[in-house]
Chemist: 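After the structure tokens below, expect a handful of questions from me.
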Amino acid sequence: MPELPEVETIARGLAKRITGDAIDSVWLGEKRDLLKSPAAEIATTLEQTKIASIHRAGKHIVFDLERIEDSGKHTSRAPGKRAKSNGVSPKSQFIVHLGMTGRLQICDPQTEIEKHTHAILKLGSGRELRFVDPRRFGRLSVAKAADFDAGGVEPLEIDLERFIPLFRGRKTPIKSALLNQKLLRGVGNIYADESLFRAGIRPLRKASTIKLSQLEKLFVAVQEVLKEAIALGGSSVSDYVDAEGKEGFFQLQHRVYAREDEPCLVCKTPIKRIVIGGRSSHYCPKCQK
DNA sequence: ACTATTTCCTGGATGC
DNA sequence: TGCATCCAGGAAATAG
């Protein structure tokens, strides 16, 4: 399940491989629940553009697109008349959320089309960018210019002074607050659990009752966990692989996630699993207060 | 303004 | 072996 470190890894891999490539044409499947914008709008926004850059915003992959001006070679547009006169190509964005099982694959056109392929972008280089998502929790959308707003703040860009107030007065469990994308964007179930373990805070603790010194530890823990995970290419649980089909290795560093009943790596107490807001949450009852 | 709960979806695992 | 049931998860919608 791709969270910030996995999405970062994927975005970097995609950037390396298809930045500068063109999107010639777009095919979208029948399943429209994946589309946040109308299919026709997505297709026309993507077609005949150049991929100027690719980056991550929270758990979203953002493609910055520049429209390719058809410079009159094949059109009958009057000389000197251009779509835009300021010399800047109109910009737009293609935004992909992978949900739980979404994947973006770069492949040759003759590669067999996998089951649950919902979108195929034909690239100028002859390759294809395909979106595959069996469970269909992923989402595709487009935005004008640089309009896309992913919600809260980037956990790796925020400082302590802006981190602390995010939790002020919140009665919700700290685990739920960490998962709230309107506060911090990009933290998901794995990294919330791992951060809370490192900070020594139980996931059920009400956010507002956590002391400043503990929030400071949490701030450090969140950044540490995310940075380490990015360095290892993310966590490969289920069948996660990056843009090149490579696995990440941070799952080997998990101290609580999916370790129910296994001994705590610090104190040997069995790790507990509880459900908070429908999410399974793992913690050490001795190390976390 | 906030919080808790429900809904979406399918493959894999489990149980009988 | 086969069938039914449950579970995983993020985010949006709904209800309180």
Side-chain angles (χ1 to χ4, degrees), chain A residues 1-11 28-38 56-62 95-104 113-119 131-141 143 148-155 165-196 203-210 222 226 229 234-241 248 250-251 254 256-261 271-283:
Chain A
M1 50 222 75
E3 304 178 24
L4 186 152
E6 292 78 30
V7 178
E8 178 69 29
T9 305
I10 293 164
L28 296 167
E30 293 302 308
K31 295 288 191 287
R32 295 301 149 94
D33 49 342
L34 290 146
L35 311 181
K36 287 177 81 176
S37 319
R56 177 194 60 76
K59 297 174 192 169
H60 303 265
I61 301 168
V62 181
I95 301 112
V96 178
H97 193 297
L98 298 172
M100 283 197 56
T101 52
R103 280 178 293 128
L104 284 169
I113 294 171
E114 263 187 61
K115 199 178 173 187
H116 306 298
T117 298
H118 304 295
F131 177 65
V132 184
D133 185 6
R135 225 165 288 184
R136 306 219 303 275
F137 272 21
R139 291 292 180 266
L140 307 180
S141 60
F148 175 64
D149 178 10
V153 296
E154 283 291 332
L166 295 179
F167 307 100
R168 191 171 293 153
R170 294 195 178 268
K171 296 196 197 94
T172 198
I174 184 64
K175 167 76 182 275
S176 302
L178 286 174
L179 293 179
N180 184 346
Q181 302 296 298
K182 298 248 180 318
L183 301 177
L184 284 178
R185 63 190 199 209
V187 177
N189 207 35
I190 295 173
Y191 299 101
D193 280 5
E194 293 298 319
S195 300
L196 287 168
L204 221 38
R205 281 277 301 279
K206 304 282 171 225
S208 59
T209 69
I210 299 172
V222 167
L226 294 175
S235 302
S236 282
V237 296
S238 322
D239 47 10
Y240 163 77
V241 287
F250 191 73
Q251 69 281 6
H254 293 175
V256 286
Y257 181 79
R259 294 196 64 241
E260 185 184 10
D261 295 333
I271 299 300
K272 285 195 87 169
R273 187 183 86 91
I274 58 175
V275 174
I276 302 173
R279 302 284 163 272
S280 57
S281 305
H282 315 76
Y283 69 100

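Labels below follow one simple rule: chain letters A, B, ... track the order of the sequence lines, proteins then strands, and each chain is numbered from 1. Model, not experiment: these values are computed from the prediction.
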Chemist: Would A:F137 pass as stacked on C:dA11, i.e. its ring centre under 5.5 Å from the base's six-membered ring centre and planes under 30° apart?
Modeler: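 No, A:F137 does not stack on the base of C:dA11, since the centre distance and plane angle fail the 5.5 Å and 30° test.
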Chemist: Students often get this wrong, so: under 4.0 angstrom with heavy atoms, is A:K115 touching a base, only sugar-phosphate, or nothing?
Modeler: sugar-phosphate
Chemist: Remember a base hit wins even if backbone is also touched, and classify A:R135 as base, sugar-phosphate or nothing at under 4.0 Å, heavy atoms.
Modeler: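 The residue A:R135 makes base contact.
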Chemist: Please say which of A:E194, A:K175, A:H282, A:R279 ends up in a side-chain hydrogen bond (donor to acceptor under 3.5 Å, both in side chains) with A:N189.
Modeler: A:K175
Chemist: Students often get this wrong, so: under 4.0 angstrom with heavy atoms, is A:R139 touching a base, only sugar-phosphate, or nothing?
Modeler: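 No contact.
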Chemist: In whole Å, what is the span from the CG atom of A:L34 to the P atom of C:dA11?
Modeler: 15 Å
Chemist: Picking from B:dT10, B:dT3, B:dC9, which would you name as closest to the side chain of A:D33?
Modeler: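 So the side chain of A:D33 is nearest to B:dC9.
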Chemist: For A:R168, answer base if it contacts any base atom (sugar-phosphate contacts may also be present), sugar-phosphate if it contacts only those atoms, and nothing otherwise; contact means non-hydrogen atoms under 4.0 Å.
Modeler: nothing
Chemist: For the pair made of CD in A:E3 and P in C:dA8, what is the distance, rounded to whole Å?
Modeler: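 Going from A:E3 (CD) to C:dA8 (P), I get 15 Å.
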Chemist: Is the phosphate of C:dA8 approached by A:Y257 (side-chain N or O, under 4.0 Å from OP1 or OP2)?
Modeler: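 Answer no for this pair, as no side-chain N or O of A:Y257 is under 4.0 Å from OP1 or OP2.
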Chemist: Describe the nucleic acid contact of A:K36 in one word from base, sugar-phosphate, nothing, applying a heavy-atom distance below 4.0 Å.
Modeler: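 If one applies the 4.0 Å heavy-atom cut-off, A:K36 turns out to touch the sugar-phosphate alone, with no base involved.
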Chemist: Please state how far atom CG in A:D193 lies from atom P in C:dG10, giving the value in whole angstrom units.
Modeler: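 My rounded result for the distance is 10 Å.
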Chemist: Taking NZ, NE, NH1 and NH2 as the nitrogens, is one of them in A:E3 or A:K59 under 4.0 Å from a carboxylate oxygen of the other?
Modeler: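 Result for this pair is no, no salt bridge flagged.
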Chemist: Closer than 4.0 Å, any side-chain N/O of A:T101 to the OP1 or OP2 of B:dT10?
Modeler: no
Chemist: Mind calculating the distance between CG (A:N180) and P (C:dA11) to the nearest angstrom?
Modeler: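 Value for this atom pair: 10 Å.
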Chemist: Using atom CG of A:L183 as one end and atom P of B:dC2 as the other, report the distance to the nearest whole Å.
Modeler: 9 Å
Chemist: Which atom names give the shortest non-hydrogen contact between A:L179 and A:A192, and what distance separates them?
Modeler: CD2-CB, 4.0 Å
Chemist: Looking across every strand, which nucleic acid part, if any, lies under 4.0 Å from A:S176 by heavy atom: base, sugar-phosphate, or nothing?
Modeler: nothing
Chemist: Check each of A:R139, A:R136, A:H118 against A:D33 using the side-chain hydrogen bond (donor to acceptor under 3.5 Å, both in side chains) test, and report the only one that passes.
Modeler: A:R136
Chemist: Without decimals, in angstroms, what is the distance between A:L166 CG and B:dT3 P?
Modeler: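 Spelled out: CG on A:L166 to P on B:dT3 is 13 Å.
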Chemist: Within this structure, what is the CZ-to-P distance between A:R170 and B:dA4, rounded to whole angstrom?
Modeler: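 That distance rounds to 11 Å.
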Chemist: Give, for atom NE2 of A:H254 and atom OH of A:Y191, the distance between the pair rounded to the nearest 0.5 Å.
Modeler: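 One gets 5.0 Å once the value is rounded to the nearest 0.5 Å.
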Chemist: Does a side-chain N or O of A:R279 approach OP1 or OP2 of C:dG10 to a distance below 4.0 Å, or not?
Modeler: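 It does, given that an N or O in the side chain of A:R279 lies less than 4.0 Å from OP1 or OP2 of C:dG10.
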Chemist: May I have the distance from A:L204 (atom CG) to B:dT3 (atom P), rounded to whole angstrom?
Modeler: 14 Å
Chemist: So does A:K31 have more than 12 non-hydrogen atoms from other groups sitting under 6.0 Å from NZ?
Modeler: no
Chemist: With respect to the side chain of A:K59, which nucleotide from B:dA4, C:dG10, C:dA8 is positioned closest?
Modeler: C:dG10
Chemist: Just checking A:G278: base, sugar-phosphate only, or nothing, at a heavy-atom cut-off of under 4.0 Å?
Modeler: nothing
Chemist: Would you tell me if any nitrogen or oxygen in the side chain of A:H116 comes within less than 4.0 Å of OP1 or OP2 on B:dT10?
Modeler: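 No, A:H116 has no side-chain N/O under 4.0 Å of OP1/OP2 on B:dT10.
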